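The structure displayed is predicted, hence computed values, not measured ones. Positions are given from 1, in the same order as the sequence printed here.
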Amino acid sequence: MPQPRKIIIDTDPGQDDAIAILLALGSPELQIVGISAVAGNVPLKLTEKNARKICELAGRPDIKVYSGAIRPLARELVTAEEVHGKTGLNGPDLPEPTMKLQDQYAVDFIVETLMKEESGTITLCPLGPLTNVALALIREPRIAPRIKEIVLMGGGFFEGGNVTPTAEFNIYVDPHAADVVFRSGIPIVMMPVDVTHKALTTSKRIEAFRKLGTKVGIAAAEMLEFFERYDEGKYGTDGGPLHDPCVIAYLLKPGLFKGRYCNVTVETTSELTMGMTVVDWWGVTSREKNAMVMRDIDHDGFFALLVERLGRHN
């Protein structure tokens with residue numbers, strides 16, 4: 001078996017973040033070098049705690065979790081308790097974590113790791129607002145060419161936005177950070193709501209997690225039952241979109257996704273369209289292509305992968 005791919009997961013858990021972390025932890029092809037928490041779905045104090053709860057749920061207290069940015073670069077923090085509940089992980093009753101939060105600031109951890117590890121060996125996997133990643137790029141620009149690629153969940157175009165008519169939550173929370181990242185020249189794979197809205201947690205799919213009969217499987221089912229109720233009411237669908245695990249699934253099975261290499265520019269000036277990811281899908285501008293934008297997913301294959309990998313946890 002080839003050497004595992006080294007990744008840093010930057011996250012704001014969130015039930016869908018939790019499933020993404022569990023997927024990564026159940027996949028020997030990936031080596032999680034560290035998890036950096038950022039404020040987003042809920043405030044930082046909860047996201048760094050939730051990341052540790054998930055590691056402990058998976059029996060992996062050895063994973064290093066770092067606390068990062070407490071707020072966006074230039075705007076007030078917007079959170080999403082109405083989706084994720086007051087804890088960010090409403091659904092299962094998970095115990096308070098006993099594993100220690102690392103002393104080092106997450107942004108310093110990202111910079112130090114990228115400068116220390118061999119160039120081109122670390123993939124960044126942002127599942128939330130891009131504040132930590134942007135701060136790392138601002139603090140040490142030399143890390144940009146050392147990053148293998150950034151595979152992120154964020155943005156939308158054909159589907160519009162899920163927090164404003166034009167903006168997806170992760171980009172909307174910190175559009176200025178997203179702008180820094182998309183202008184960085186780093187290879188980017190973008191999982192927008194255009195693709196994640198095709199990955200719905202139907203009752204049959206949630207039941208497959210519960211039937212695993214394990215602590216992880218039952219907790220996953222309980223998380224998703226809570227998480228989906230908001231989007232079911234919003235979109236009138238059977239199930240809610242499972243956003244963040246698309247990032248990890250792409251690393252494991254890129255063939256599950258189809259997209260196009262485009263220019264993506266982030267709106268940072270208009271309050272009407274703040275945080276919009278303007279995707280030049282048809283190549284009508286001369287702007288340089290900077291991201292592989294995914295639009296389609298084999299949703300049955302995606303959920304089969306999730307159930308199989310989460311089933312590897314005790």
Side-chain angles (χ1 to χ4, degrees), residues 11-23 40-42 46-47 50 54 57 78-92 94 126-129 152-173 190-212 216-250 256-257 275 294-307 309-310:
T11 182
D12 61 336
Q15 291 89 348
D16 57 329
D17 304 71
I19 302 298
I21 294 167
L22 291 170
L23 174 59
N41 285 323
V42 286
L46 291 172
T47 62
N50 290 347
I54 296 305
L57 173 66
V78 175
T79 54
E81 285 87 353
E82 71 280 6
V83 180
H84 299 277
K86 284 189 176 179
T87 68
L89 280 183
N90 281 33
L94 297 177
L127 310 178
L152 64 89
M153 189 279 134
F157 190 60
F158 296 97
E159 281 280 298
N162 63 357
V163 66
T164 75
T166 59
E168 177 275 331
F169 178 81
N170 286 343
I171 307 297
Y172 179 75
V173 169
M190 171 177 160
M191 294 289 170
V193 291
D194 304 300
V195 76
T196 65
H197 279 184
K198 296 171 183 172
L200 297 178
T201 59
T202 62
S203 53
K204 187 177 175 184
R205 286 167 172 167
I206 289 178
E207 195 53 33
F209 289 115
R210 185 175 279 106
K211 281 182 177 172
L212 292 171
V216 165
I218 292 164
E222 290 173 347
M223 275 189 261
L224 294 178
E225 280 177 331
F226 181 90
F227 176 63
E228 71 171 4
R229 94 236 174 279
Y230 176 83
D231 285 320
E232 283 182 329
K234 181 176 176 180
Y235 300 113
T237 51
D238 174 17
L242 195 52
H243 308 285
D244 294 332
C246 289
V247 167
I248 306 301
Y250 172 79
L256 292 172
F257 301 90
M294 295 304 177
R295 193 175 177 187
D296 290 300
I297 180 173
D298 171 0
H299 49 84
D300 287 331
F302 170 69
F303 277 96
L305 175 67
L306 279 177
V307 172
R309 293 306 171 91
L310 266 63

- Item | CA sep, side-chain torsions, deciding dist, call: Thr201, Gln15, side-chain contact (heavy atoms from CB on, under 4.5 Å) | CA-CA 12 Å; Thr201 59; Gln15 291 89 348; over 6 Å; no
- Message: For Gly217, is there any backbone N or O sitting under 3.5 Å from a side-chain donor or acceptor partner on Lys211?
- Response: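 Side chain of Lys211 to backbone of Gly217: no pair is present.
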- Message: Strictly distance-based, threshold 3.5 Å: is any side-chain N or O of Thr79 a donor or acceptor partner for the main-chain N or O of Glu81?
- Response: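 Side chain of Thr79 to backbone of Glu81, a donor-acceptor pair under 3.5 Å: no, none is there.
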Nearest-0.5 Å distance that lies between atom [atom1] in [X] and atom [atom2] in [Y]:
| X | Y | atom1 | atom2 | result |
| --- | --- | --- | --- | --- |
| Leu242 | Ile206 | CG | CD1 | 9.0 Å |
| Met191 | Ile297 | CE | CD1 | 7.5 Å |
| Ile218 | Phe209 | CD1 | CZ | 13.0 Å |
| Asp194 | Glu168 | CG | CD | 10.0 Å |
| Ile171 | Thr164 | CD1 | OG1 | 11.5 Å |
| Leu306 | Cys246 | CG | SG | 8.5 Å |

Is any side-chain heavy atom of [X] less than 4.5 Å from a side-chain heavy atom of [Y]?
| X | Y | answer |
| --- | --- | --- |
| Thr11 | Asp244 | no |
| Val216 | Leu57 | yes |
| Pro129 | Asp12 | yes |
| Phe157 | Pro192 | no |

- NZ/NE/NH1/NH2 to OD/OE distance under 4.0 Å, Arg205 and Asp300: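 Yes, Arg205 and Asp300 are salt-bridged.
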- Query: Is it true that Arg210 and Glu207 have a side-chain N and a carboxylate O under 4.0 angstrom from each other?
  - Reply: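 Looking at Glu207 together with Arg210, the answer is yes, because their closest N to O distance falls below 4.0 Å.
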- Looking at residues at least two apart in the chain, or sitting in another chain, which of them share a side chain to side chain contact (heavy atoms under 4.5 Å, CB included) with Ala80?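 Side chain to side chain contact (heavy atoms under 4.5 Å, CB included) check on Ala80 returns Asn41, Glu82, Val83, His84, Phe169.
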- Listed partners of Thr166 passing side chain to side chain donor-acceptor pair (under 3.5 Å), at least two apart: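 Once residues adjacent in sequence are excluded, Thr166 has no partner under the side chain to side chain donor-acceptor pair (under 3.5 Å) criterion.
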- Query: Under 30°, 30 to 60°, or over 60°: which ring-plane class applies to Phe257 and Phe302, parallel, tilted or perpendicular?
  - Reply: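 If you compare the ring of Phe257 with that of Phe302, the planes turn out perpendicular.
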- Say whether Thr47 and Asn50, considering side chains only, have a donor N or O and an acceptor N or O under 3.5 Å apart.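 Per modelled atom types, Thr47 and Asn50 side chains form no pair under 3.5 Å.
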Do you know the tightest heavy-atom contact between [X] and [Y]?
| X | Y | value |
| --- | --- | --- |
| Leu127 | Ala20 | CD1-CB, 3.8 Å |
| Pro13 | Ile21 | CG-CD1, 4.3 Å |
| Met153 | Asn170 | O-ND2, 3.0 Å |
| Leu89 | Met223 | CD2-SD, 3.9 Å |
| Leu23 | Arg309 | CD1-CB, 3.5 Å |
| Ala219 | Pro92 | O-CG, 3.9 Å |

- Task: Let me see the working for His299 and Leu256 under side-chain contact (heavy atoms from CB on, under 4.5 Å), right down to the final yes or no.
- Result: CA-CA 8 Å; His299 49 84; Leu256 292 172; over 6 Å; no
- Message: Apply side-chain contact (heavy atoms from CB on, under 4.5 Å) to residues Leu22 and Ile54 and explain how you reach the verdict.
- Response: CA-CA 7 Å; Leu22 291 170; Ile54 296 305; 3.9 Å; yes
